[in-house]
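Order of the sequence lines sets the chain letters (A, B, ...), proteins ahead of strands, with each chain counted from 1. Below, all heavy atoms of this structure are taken into account, side chains as well, without hydrogens, waters or symmetry copies.
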Amino acid sequence: MNAPRPESAPPAPAGSFLRRIAWHWRHDEKCELWIGWWTLVVFYNLYGLLFFVITRTQPPPEPSLDPMEVVQWFGDRRHGLLYGYALVFIVGGATAIMNATLAYSIRRMSVSRAFAYSYLVIYALATLPGMLLMGVACTVGAMRPDRDPAVMSWLYDLAFLSFEGTMGVFLIGSLIWMAAVLLDENGVFPKWFGYLNLCNALTEVVVAPAWIFQSGAFAWDGSIAWWINMGVFVIYTTAFLTLLRRMILREDFGTGPLPELATDPAAGSAP
Amino acid sequence: MTSIASTRSRAHGSPETERFVPGQPDMWAFVLFEAFVFTAYFTVYVFSRARTPDVFRQSQMHLDLRVGVVNTLLLLTSSLFVARCVQAAREGSYRAATTNAFLTMLFGSVFLVSKVREWAMEIGQGFTFTTDEFFSFYYFLTAIHFIHLLIGFVALAVAVRQLTSPARRSQVIVETCATYWHTIDFLWVLIFALLYVMR
(Lines give C-alpha, C1' and ligand atoms only; values in the text may rest on other atoms or scores of the structure.)
Protein backbone atom coordinates (compact mmCIF):
# COMPACT_ATOMS: atom_id res chain seq x y z
CA MET A 1 0.00 0.00 0.00
CA ASN A 2 3.00 2.29 0.35
CA ALA A 3 3.71 2.24 -3.34
CA PRO A 4 2.68 5.28 -5.36
CA ARG A 5 -0.59 5.09 -7.23
CA PRO A 6 -0.20 3.11 -10.45
CA GLU A 7 -0.27 5.17 -13.60
CA SER A 8 -3.11 3.01 -14.89
CA ALA A 9 -5.44 4.04 -12.04
CA PRO A 10 -8.36 6.09 -13.30
CA PRO A 11 -8.70 9.66 -12.02
CA ALA A 12 -10.81 10.24 -8.93
CA PRO A 13 -14.47 10.59 -9.85
CA ALA A 14 -16.32 13.77 -8.95
CA GLY A 15 -19.71 12.07 -8.78
CA SER A 16 -21.63 10.64 -5.86
CA PHE A 17 -20.17 10.05 -2.43
CA LEU A 18 -20.39 6.26 -2.82
CA ARG A 19 -18.54 6.33 -6.14
CA ARG A 20 -15.78 8.41 -4.62
CA ILE A 21 -15.53 6.01 -1.65
CA ALA A 22 -15.31 3.06 -4.06
CA TRP A 23 -12.53 4.78 -6.01
CA HIS A 24 -10.52 5.47 -2.87
CA TRP A 25 -11.01 1.89 -1.67
CA ARG A 26 -9.66 0.46 -4.94
CA HIS A 27 -7.01 2.97 -5.98
CA ASP A 28 -5.98 5.27 -3.14
CA GLU A 29 -2.68 4.27 -1.57
CA LYS A 30 -3.67 6.35 1.48
CA CYS A 31 -6.79 4.31 2.07
CA GLU A 32 -5.65 2.97 5.46
CA LEU A 33 -4.72 6.43 6.63
CA TRP A 34 -8.12 7.76 5.64
CA ILE A 35 -9.81 4.89 7.48
CA GLY A 36 -7.78 5.84 10.56
CA TRP A 37 -8.69 9.51 10.21
CA TRP A 38 -12.39 8.85 9.70
CA THR A 39 -12.33 6.51 12.70
CA LEU A 40 -11.04 9.43 14.76
CA VAL A 41 -13.75 11.77 13.46
CA VAL A 42 -16.57 9.26 13.96
CA PHE A 43 -15.29 8.18 17.38
CA TYR A 44 -15.02 11.71 18.78
CA ASN A 45 -18.52 12.55 17.54
CA LEU A 46 -19.87 9.30 18.92
CA TYR A 47 -18.00 9.89 22.18
CA GLY A 48 -19.74 13.25 22.53
CA LEU A 49 -23.14 11.72 21.80
CA LEU A 50 -22.68 8.76 24.15
CA PHE A 51 -21.18 10.63 27.09
CA PHE A 52 -23.11 13.89 26.86
CA VAL A 53 -26.51 12.79 25.56
CA ILE A 54 -27.15 9.09 26.10
CA THR A 55 -25.34 8.22 29.36
CA ARG A 56 -25.39 11.85 30.58
CA THR A 57 -22.16 11.29 32.52
CA GLN A 58 -20.67 14.48 31.03
CA PRO A 59 -20.60 17.23 32.15
CA PRO A 60 -19.87 15.33 35.37
CA PRO A 61 -22.32 15.58 38.26
CA GLU A 62 -21.37 17.06 41.63
CA PRO A 63 -18.87 15.08 43.70
CA SER A 64 -20.62 16.17 46.90
CA LEU A 65 -23.84 14.16 46.35
CA ASP A 66 -24.88 12.13 49.42
CA PRO A 67 -25.57 8.37 49.02
CA MET A 68 -29.33 8.82 48.50
CA GLU A 69 -28.72 11.47 45.82
CA VAL A 70 -26.26 9.12 44.14
CA VAL A 71 -28.92 6.38 44.05
CA GLN A 72 -31.28 8.93 42.52
CA TRP A 73 -28.60 9.90 39.98
CA PHE A 74 -28.17 6.28 38.86
CA GLY A 75 -31.96 5.80 38.78
CA ASP A 76 -32.56 8.89 36.64
CA ARG A 77 -30.31 7.65 33.83
CA ARG A 78 -30.44 3.89 34.31
CA HIS A 79 -31.35 2.98 30.72
CA GLY A 80 -29.03 5.61 29.28
CA LEU A 81 -26.12 4.18 31.24
CA LEU A 82 -26.88 0.57 30.30
CA TYR A 83 -27.52 1.13 26.58
CA GLY A 84 -24.94 3.89 26.28
CA TYR A 85 -22.09 1.94 27.83
CA ALA A 86 -23.05 -1.16 25.86
CA LEU A 87 -22.31 0.94 22.77
CA VAL A 88 -19.15 2.36 24.36
CA PHE A 89 -17.84 -1.16 24.94
CA ILE A 90 -18.63 -2.08 21.32
CA VAL A 91 -16.76 0.88 19.81
CA GLY A 92 -14.04 1.03 22.49
CA GLY A 93 -11.68 -1.04 20.35
CA ALA A 94 -11.63 1.76 17.79
CA THR A 95 -9.14 3.53 20.04
CA ALA A 96 -6.48 1.12 18.70
CA ILE A 97 -6.96 2.46 15.16
CA MET A 98 -7.08 6.03 16.42
CA ASN A 99 -3.91 5.70 18.46
CA ALA A 100 -2.16 4.00 15.55
CA THR A 101 -3.07 6.91 13.25
CA LEU A 102 -1.78 9.45 15.75
CA ALA A 103 1.41 7.43 16.30
CA TYR A 104 1.85 7.22 12.52
CA SER A 105 2.02 11.01 12.37
CA ILE A 106 4.88 10.94 14.87
CA ARG A 107 6.63 8.13 13.00
CA ARG A 108 6.53 10.32 9.89
CA MET A 109 8.60 12.95 11.72
CA SER A 110 12.37 13.11 11.74
CA VAL A 111 12.49 12.29 15.46
CA SER A 112 13.31 9.01 17.22
CA ARG A 113 10.74 6.22 16.97
CA ALA A 114 10.69 6.18 20.78
CA PHE A 115 8.30 9.16 20.66
CA ALA A 116 5.71 7.26 18.62
CA TYR A 117 6.05 4.08 20.68
CA SER A 118 5.73 5.98 23.98
CA TYR A 119 2.68 7.80 22.69
CA LEU A 120 1.09 4.58 21.50
CA VAL A 121 1.63 2.75 24.79
CA ILE A 122 0.55 5.59 27.04
CA TYR A 123 -2.73 6.20 25.21
CA ALA A 124 -3.48 2.50 24.95
CA LEU A 125 -3.25 2.36 28.75
CA ALA A 126 -5.38 5.51 29.13
CA THR A 127 -8.37 3.73 27.62
CA LEU A 128 -8.56 1.40 30.62
CA PRO A 129 -9.23 3.90 33.44
CA GLY A 130 -10.59 6.77 31.36
CA MET A 131 -13.24 4.87 29.47
CA LEU A 132 -13.57 1.18 30.33
CA LEU A 133 -13.24 1.28 34.13
CA MET A 134 -15.57 4.26 34.28
CA GLY A 135 -18.02 2.38 32.05
CA VAL A 136 -17.86 -0.74 34.22
CA ALA A 137 -18.46 1.25 37.43
CA CYS A 138 -21.42 3.14 35.92
CA THR A 139 -22.92 -0.01 34.43
CA VAL A 140 -22.58 -1.96 37.67
CA GLY A 141 -24.35 0.87 39.50
CA ALA A 142 -27.13 1.13 36.93
CA MET A 143 -27.68 -2.63 36.63
CA ARG A 144 -28.95 -3.12 40.20
CA PRO A 145 -30.21 0.23 41.52
CA ASP A 146 -31.54 -1.45 44.70
CA ARG A 147 -28.01 -1.93 46.05
CA ASP A 148 -26.93 -0.43 49.37
CA PRO A 149 -26.60 3.38 48.84
CA ALA A 150 -23.11 3.26 50.38
CA VAL A 151 -22.01 0.81 47.65
CA MET A 152 -23.64 2.98 44.98
CA SER A 153 -21.75 5.97 46.33
CA TRP A 154 -18.52 3.98 46.14
CA LEU A 155 -19.20 3.07 42.50
CA TYR A 156 -20.01 6.70 41.71
CA ASP A 157 -16.70 7.93 43.16
CA LEU A 158 -14.78 5.12 41.43
CA ALA A 159 -16.34 6.01 38.06
CA PHE A 160 -15.50 9.70 38.13
CA LEU A 161 -12.15 9.44 39.86
CA SER A 162 -10.99 6.86 37.32
CA PHE A 163 -12.08 9.25 34.55
CA GLU A 164 -10.16 12.11 36.19
CA GLY A 165 -7.22 9.78 36.71
CA THR A 166 -6.32 9.85 33.03
CA MET A 167 -5.04 13.40 33.47
CA GLY A 168 -1.46 12.21 33.95
CA VAL A 169 -1.64 10.17 30.78
CA PHE A 170 -2.90 13.13 28.74
CA LEU A 171 -0.26 15.33 30.39
CA ILE A 172 2.64 13.08 29.40
CA GLY A 173 1.07 12.21 26.03
CA SER A 174 0.73 15.90 25.14
CA LEU A 175 4.32 16.57 26.21
CA ILE A 176 5.58 13.69 24.06
CA TRP A 177 3.67 15.03 21.05
CA MET A 178 4.89 18.56 21.81
CA ALA A 179 8.54 17.50 21.94
CA ALA A 180 8.18 15.49 18.71
CA VAL A 181 6.56 18.40 16.83
CA LEU A 182 9.13 20.95 18.04
CA LEU A 183 12.10 18.70 17.22
CA ASP A 184 10.73 17.48 13.89
CA GLU A 185 12.46 18.72 10.76
CA ASN A 186 10.01 17.13 8.31
CA GLY A 187 7.35 19.79 8.88
CA VAL A 188 4.65 17.19 9.58
CA PHE A 189 2.82 19.62 11.87
CA PRO A 190 3.28 23.37 12.31
CA LYS A 191 5.23 24.43 15.40
CA TRP A 192 2.22 26.21 16.87
CA PHE A 193 0.63 22.80 17.31
CA GLY A 194 3.64 21.83 19.46
CA TYR A 195 2.94 24.83 21.68
CA LEU A 196 -0.78 24.02 21.72
CA ASN A 197 0.21 20.62 23.11
CA LEU A 198 1.96 22.45 25.94
CA CYS A 199 -1.25 24.41 26.66
CA ASN A 200 -3.22 21.17 26.71
CA ALA A 201 -0.65 19.52 28.99
CA LEU A 202 -0.85 22.42 31.44
CA THR A 203 -4.63 22.19 31.63
CA GLU A 204 -4.23 18.54 32.65
CA VAL A 205 -2.19 19.67 35.66
CA VAL A 206 -5.16 21.80 36.70
CA VAL A 207 -7.27 18.65 37.15
CA ALA A 208 -5.12 17.54 40.10
CA PRO A 209 -7.09 19.54 42.74
CA ALA A 210 -10.20 17.55 41.77
CA TRP A 211 -8.81 14.80 44.04
CA ILE A 212 -9.02 17.16 47.00
CA PHE A 213 -12.15 19.29 46.52
CA GLN A 214 -15.78 18.15 46.52
CA SER A 215 -17.25 21.48 45.44
CA GLY A 216 -16.25 24.75 43.80
CA ALA A 217 -14.09 25.62 40.81
CA PHE A 218 -11.52 22.88 41.51
CA ALA A 219 -13.89 19.97 42.04
CA TRP A 220 -14.24 17.42 39.19
CA ASP A 221 -17.29 19.29 37.86
CA GLY A 222 -15.78 22.72 38.55
CA SER A 223 -15.35 25.62 36.18
CA ILE A 224 -11.56 25.33 36.27
CA ALA A 225 -11.09 21.56 36.60
CA TRP A 226 -13.70 20.68 33.97
CA TRP A 227 -15.29 23.50 31.94
CA ILE A 228 -12.18 25.43 30.94
CA ASN A 229 -10.29 22.20 30.36
CA MET A 230 -13.04 20.87 28.14
CA GLY A 231 -12.95 24.12 26.13
CA VAL A 232 -9.21 23.73 25.59
CA PHE A 233 -9.61 20.04 24.76
CA VAL A 234 -12.25 20.74 22.10
CA ILE A 235 -9.97 23.32 20.42
CA TYR A 236 -7.02 20.93 20.70
CA THR A 237 -8.97 18.02 19.22
CA THR A 238 -10.33 20.13 16.36
CA ALA A 239 -6.79 21.34 15.65
CA PHE A 240 -5.20 17.90 15.51
CA LEU A 241 -8.01 16.39 13.43
CA THR A 242 -7.60 19.21 10.88
CA LEU A 243 -3.80 18.90 10.89
CA LEU A 244 -3.92 15.11 10.59
CA ARG A 245 -6.16 15.43 7.53
CA ARG A 246 -3.70 17.88 6.02
CA MET A 247 -0.81 15.54 6.84
CA ILE A 248 -2.52 12.66 5.02
CA LEU A 249 -3.14 14.87 1.99
CA ARG A 250 0.55 15.83 1.98
CA GLU A 251 1.86 12.31 2.68
CA ASP A 252 4.29 11.06 0.03
CA PHE A 253 5.36 7.88 1.89
CA GLY A 254 8.94 9.08 1.91
CA THR A 255 11.18 9.77 4.89
CA GLY A 256 12.16 13.38 4.23
CA PRO A 257 10.24 16.63 4.64
CA LEU A 258 6.56 16.42 3.75
CA PRO A 259 5.75 18.28 0.53
CA GLU A 260 3.41 21.23 0.74
CA LEU A 261 -0.07 20.81 -0.68
CA ALA A 262 -0.19 21.41 -4.40
CA THR A 263 -2.61 24.07 -5.59
CA ASP A 264 -3.76 21.63 -8.28
CA PRO A 265 -6.86 19.98 -6.81
CA ALA A 266 -6.18 16.80 -8.75
CA ALA A 267 -2.88 16.32 -6.90
CA GLY A 268 -4.55 14.99 -3.77
CA SER A 269 -8.08 14.44 -2.63
CA ALA A 270 -9.79 13.32 0.51
CA PRO A 271 -12.62 10.82 0.50
CA MET B 1 10.08 44.66 26.15
CA THR B 2 11.51 43.08 23.08
CA SER B 3 10.64 45.63 20.44
CA ILE B 4 9.38 44.78 17.03
CA ALA B 5 11.89 45.87 14.48
CA SER B 6 12.42 45.06 10.90
CA THR B 7 16.18 45.08 11.38
CA ARG B 8 16.19 42.22 13.84
CA SER B 9 17.19 39.59 11.35
CA ARG B 10 20.69 40.85 10.79
CA ALA B 11 22.23 38.56 13.35
CA HIS B 12 24.13 35.52 12.22
CA GLY B 13 22.06 32.43 11.56
CA SER B 14 18.70 34.12 11.16
CA PRO B 15 16.68 34.48 7.99
CA GLU B 16 16.82 37.80 6.23
CA THR B 17 13.14 37.83 5.43
CA GLU B 18 11.06 40.54 7.05
CA ARG B 19 9.19 39.37 10.14
CA PHE B 20 6.30 41.02 11.89
CA VAL B 21 6.81 39.60 15.38
CA PRO B 22 9.95 38.62 17.33
CA GLY B 23 10.72 34.89 17.21
CA GLN B 24 8.48 32.24 15.70
CA PRO B 25 4.93 33.47 14.99
CA ASP B 26 3.91 30.03 16.34
CA MET B 27 5.01 31.10 19.82
CA TRP B 28 2.68 34.07 19.56
CA ALA B 29 -0.17 31.67 18.94
CA PHE B 30 0.82 30.06 22.26
CA VAL B 31 0.92 33.47 23.97
CA LEU B 32 -2.55 34.29 22.67
CA PHE B 33 -3.96 30.93 23.70
CA GLU B 34 -2.43 31.09 27.18
CA ALA B 35 -3.81 34.60 27.53
CA PHE B 36 -7.29 33.22 26.80
CA VAL B 37 -6.89 30.36 29.29
CA PHE B 38 -5.62 32.66 32.05
CA THR B 39 -8.38 35.17 31.28
CA ALA B 40 -10.82 32.33 31.93
CA TYR B 41 -9.09 31.53 35.27
CA PHE B 42 -9.14 35.20 36.25
CA THR B 43 -12.81 35.49 35.34
CA VAL B 44 -13.66 32.53 37.59
CA TYR B 45 -11.60 34.16 40.38
CA VAL B 46 -13.40 37.50 40.03
CA PHE B 47 -16.83 35.85 40.02
CA SER B 48 -15.95 33.75 43.08
CA ARG B 49 -14.68 36.86 44.82
CA ALA B 50 -17.89 38.71 44.02
CA ARG B 51 -19.90 35.92 45.68
CA THR B 52 -18.02 36.03 49.00
CA PRO B 53 -16.13 39.35 49.09
CA ASP B 54 -15.62 39.29 52.87
CA VAL B 55 -13.89 35.90 52.87
CA PHE B 56 -11.59 37.02 50.08
CA ARG B 57 -10.83 40.37 51.71
CA GLN B 58 -10.06 38.88 55.11
CA SER B 59 -7.84 36.15 53.73
CA GLN B 60 -6.08 38.57 51.42
CA MET B 61 -5.00 40.55 54.48
CA HIS B 62 -2.75 37.64 55.42
CA LEU B 63 -0.69 38.02 52.26
CA ASP B 64 2.33 40.29 52.54
CA LEU B 65 2.07 42.91 49.82
CA ARG B 66 5.82 43.60 50.11
CA VAL B 67 6.58 40.00 49.14
CA GLY B 68 4.34 40.38 46.09
CA VAL B 69 6.09 43.62 45.11
CA VAL B 70 9.52 42.02 45.49
CA ASN B 71 8.37 39.03 43.39
CA THR B 72 7.14 41.39 40.69
CA LEU B 73 10.36 43.40 40.67
CA LEU B 74 12.39 40.19 40.41
CA LEU B 75 10.46 39.02 37.37
CA LEU B 76 10.47 42.46 35.73
CA THR B 77 14.24 42.57 36.18
CA SER B 78 14.56 39.11 34.69
CA SER B 79 12.50 40.31 31.71
CA LEU B 80 14.83 43.28 31.32
CA PHE B 81 17.81 40.92 31.14
CA VAL B 82 16.15 38.64 28.61
CA ALA B 83 15.39 41.71 26.46
CA ARG B 84 19.06 42.73 26.74
CA CYS B 85 20.00 39.17 25.79
CA VAL B 86 17.94 39.42 22.59
CA GLN B 87 19.38 42.84 21.79
CA ALA B 88 22.96 41.62 22.32
CA ALA B 89 22.32 38.58 20.13
CA ARG B 90 20.99 40.82 17.37
CA GLU B 91 24.19 42.81 17.52
CA GLY B 92 26.26 39.63 17.38
CA SER B 93 27.56 40.05 20.97
CA TYR B 94 26.97 36.44 21.94
CA ARG B 95 29.07 36.56 25.07
CA ALA B 96 27.01 39.45 26.44
CA ALA B 97 23.82 37.74 25.30
CA THR B 98 24.77 34.56 27.19
CA THR B 99 25.61 36.56 30.32
CA ASN B 100 22.21 38.25 30.15
CA ALA B 101 20.49 34.89 29.69
CA PHE B 102 22.22 33.62 32.85
CA LEU B 103 21.22 36.78 34.72
CA THR B 104 17.63 36.13 33.64
CA MET B 105 17.93 32.64 35.10
CA LEU B 106 19.39 34.04 38.31
CA PHE B 107 16.49 36.42 38.87
CA GLY B 108 14.01 33.75 37.89
CA SER B 109 15.62 31.39 40.44
CA VAL B 110 15.42 34.02 43.18
CA PHE B 111 11.73 34.41 42.33
CA LEU B 112 11.22 30.65 42.67
CA VAL B 113 12.97 30.54 46.04
CA SER B 114 11.02 33.56 47.21
CA LYS B 115 7.75 31.94 46.15
CA VAL B 116 8.51 28.66 47.92
CA ARG B 117 9.47 30.63 51.03
CA GLU B 118 6.18 32.54 50.88
CA TRP B 119 4.20 29.29 50.54
CA ALA B 120 6.08 27.79 53.49
CA MET B 121 5.31 30.91 55.52
CA GLU B 122 1.59 30.77 54.70
CA ILE B 123 1.37 27.05 55.42
CA GLY B 124 3.25 27.63 58.69
CA GLN B 125 0.54 30.11 59.70
CA GLY B 126 -2.15 27.52 58.90
CA PHE B 127 -3.27 28.86 55.51
CA THR B 128 -3.30 25.88 53.17
CA PHE B 129 -4.84 24.99 49.82
CA THR B 130 -8.12 24.03 51.48
CA THR B 131 -8.36 26.79 54.12
CA ASP B 132 -10.89 28.82 52.13
CA GLU B 133 -11.73 29.82 48.57
CA PHE B 134 -9.24 32.69 48.46
CA PHE B 135 -6.32 30.50 49.47
CA SER B 136 -7.41 27.81 47.00
CA PHE B 137 -7.12 30.39 44.25
CA TYR B 138 -3.91 31.82 45.71
CA TYR B 139 -2.14 28.44 45.67
CA PHE B 140 -3.66 27.45 42.34
CA LEU B 141 -2.72 30.61 40.43
CA THR B 142 0.76 30.92 41.95
CA ALA B 143 1.44 27.19 41.43
CA ILE B 144 0.33 27.11 37.79
CA HIS B 145 2.48 30.19 37.21
CA PHE B 146 5.35 28.45 39.01
CA ILE B 147 5.08 25.51 36.57
CA HIS B 148 5.12 27.94 33.63
CA LEU B 149 8.26 29.47 35.09
CA LEU B 150 9.95 26.08 35.40
CA ILE B 151 9.25 25.51 31.70
CA GLY B 152 10.74 28.97 31.14
CA PHE B 153 14.06 27.65 32.44
CA VAL B 154 13.97 24.97 29.76
CA ALA B 155 13.36 27.73 27.19
CA LEU B 156 16.30 29.74 28.56
CA ALA B 157 18.51 26.64 28.45
CA VAL B 158 17.60 26.25 24.77
CA ALA B 159 18.49 29.93 24.20
CA VAL B 160 21.86 29.52 25.97
CA ARG B 161 22.59 26.44 23.85
CA GLN B 162 21.91 28.47 20.73
CA LEU B 163 24.08 31.36 21.89
CA THR B 164 27.05 29.27 22.97
CA SER B 165 27.22 27.09 19.88
CA PRO B 166 28.54 28.94 16.80
CA ALA B 167 27.03 26.22 14.61
CA ARG B 168 23.52 27.02 15.84
CA ARG B 169 22.85 30.61 16.90
CA SER B 170 19.36 30.94 15.55
CA GLN B 171 18.14 34.43 16.36
CA VAL B 172 14.59 33.24 15.78
CA ILE B 173 14.85 30.58 18.49
CA VAL B 174 16.50 32.99 20.96
CA GLU B 175 13.66 35.46 20.41
CA THR B 176 11.06 32.68 20.68
CA CYS B 177 12.46 31.69 24.09
CA ALA B 178 12.51 35.35 25.18
CA THR B 179 8.89 35.75 24.12
CA TYR B 180 7.94 32.82 26.34
CA TRP B 181 9.79 34.39 29.27
CA HIS B 182 8.05 37.75 28.77
CA THR B 183 4.71 35.92 28.72
CA ILE B 184 5.39 34.43 32.15
CA ASP B 185 6.30 37.88 33.40
CA PHE B 186 3.12 39.35 31.94
CA LEU B 187 0.98 36.64 33.55
CA TRP B 188 2.64 37.23 36.92
CA VAL B 189 1.85 40.95 36.82
CA LEU B 190 -1.83 40.08 36.34
CA ILE B 191 -1.75 37.46 39.12
CA PHE B 192 -0.01 39.94 41.43
CA ALA B 193 -2.67 42.58 40.71
CA LEU B 194 -5.51 40.14 41.37
CA LEU B 195 -4.18 38.40 44.48
CA TYR B 196 -2.20 41.09 46.26
CA VAL B 197 -3.47 44.47 45.08
CA MET B 198 -7.17 44.20 44.20
CA ARG B 199 -9.01 44.70 47.51
Side-chain angles (χ1 to χ4, degrees), chain A residues 63-64 167-168 171-172 174-175 178-179 181-185 187-219 221-240 242-243, chain B residues 21 23-49 51-52 55-56 128-141 143-152 154-155 158 161 170 172-173 176-177 179-180 183-184 187:
Chain A
S64 56
M167 65 183 184
L171 166 71
I172 300 301
S174 298
L175 291 178
M178 176 202 75
V181 171
L182 294 182
L183 294 171
D184 173 41
E185 290 174 358
V188 173
F189 291 127
K191 298 299 177 200
W192 63 259
F193 181 65
Y195 299 126
L196 186 62
N197 268 285
L198 181 59
C199 287
N200 191 56
L202 288 166
T203 57
E204 298 300 336
V205 177
V206 171
V207 182
W211 297 82
I212 301 166
F213 292 93
Q214 291 194 19
S215 62
F218 304 104
D221 66 329
S223 45
I224 287 182
W226 196 86
W227 289 95
I228 295 173
N229 276 9
M230 188 49 78
V232 173
F233 185 70
V234 167
I235 295 169
Y236 177 69
T237 306
T238 309
F240 78 66
T242 310
L243 292 172
Chain B
V21 289
Q24 296 170 342
D26 309 73
M27 175 52 83
W28 287 89
F30 171 83
V31 171
L32 195 67
F33 202 76
E34 280 293 278
F36 279 128
V37 173
F38 270 83
T39 302
Y41 294 156
F42 296 155
T43 306
V44 174
Y45 172 82
V46 170
F47 272 97
S48 301
R49 187 191 167 89
R51 269 204 311 268
T52 51
V55 172
F56 276 71
T128 64
F129 195 32
T130 53
T131 298
D132 61 28
E133 217 175 352
F134 172 79
F135 275 102
S136 298
F137 275 102
Y138 162 76
Y139 283 108
F140 166 71
L141 288 173
I144 195 77
H145 178 265
F146 193 90
I147 294 169
H148 278 75
L149 199 65
L150 290 177
I151 298 166
V154 177
V158 170
R161 188 152 185 253
S170 162
V172 175
I173 292 180
T176 302
C177 297
T179 304
Y180 181 86
T183 307
I184 306 168
L187 291 175

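- B:F36 is not listed as a side-chain neighbour of A:V232, based on a closest heavy-atom distance of 4.5 Å or more.
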Might you work through the side-chain contact (heavy atoms from CB on, under 4.5 Å) test for A:W227 and B:V44, ending with a clear yes or no? CA-CA 11 Å; A:W227 289 95; B:V44 174; over 6 Å; no
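- With a threshold of 4.5 angstrom between heavy atoms, B:A29 approaches chain A through side-chain atoms but not through N, CA, C or O.
- If you tally non-hydrogen atom pairs under 4.5 Å between each of A:T203, A:L198, A:V205 and chain B, the highest count goes to A:L198.
- Using a 4.5 Å heavy-atom threshold, the side chains of A:L202 and B:E34 count as touching.
- Between A:N197 atom CG and B:F30 atom CZ the span is 11.0 Å, to the nearest 0.5 Å.
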Which is it for B:F129 and A:F213 under the ring-ring contact (aromatic ring centres under 6.0 Å, His included) test, yes or no, and what are the steps along the way? CA-CA 10 Å; B:F129 195 32; A:F213 292 93; 5.1 Å; yes
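- We find the OG1-CD1 distance between B:T39 and A:I228 to be 10.0 Å, quoted to the nearest 0.5 Å.
- Across B:T43, B:I147, B:D26, B:I151, the residue that shares the most heavy-atom pairs under 4.5 angstrom with chain A is B:D26.
- Taking CG from A:L182 and CD1 from B:I173, the interatomic distance works out to 9.5 Å, rounded to the nearest 0.5 Å.
- Put simply, the side chain of B:F33 reaches to within 4.5 Å of the side chain of A:I235, judged on heavy atoms.
- Listed in order of number, the residues of residues 130-138 of chain B that approach chain A to under 4.5 Å between heavy atoms are B:T130, B:S136, B:F137.
- Taking a 6.0 Å sphere around CZ of B:R161, one finds it holds 12 or fewer heavy atoms contributed by other residues, nucleotides or ligands.
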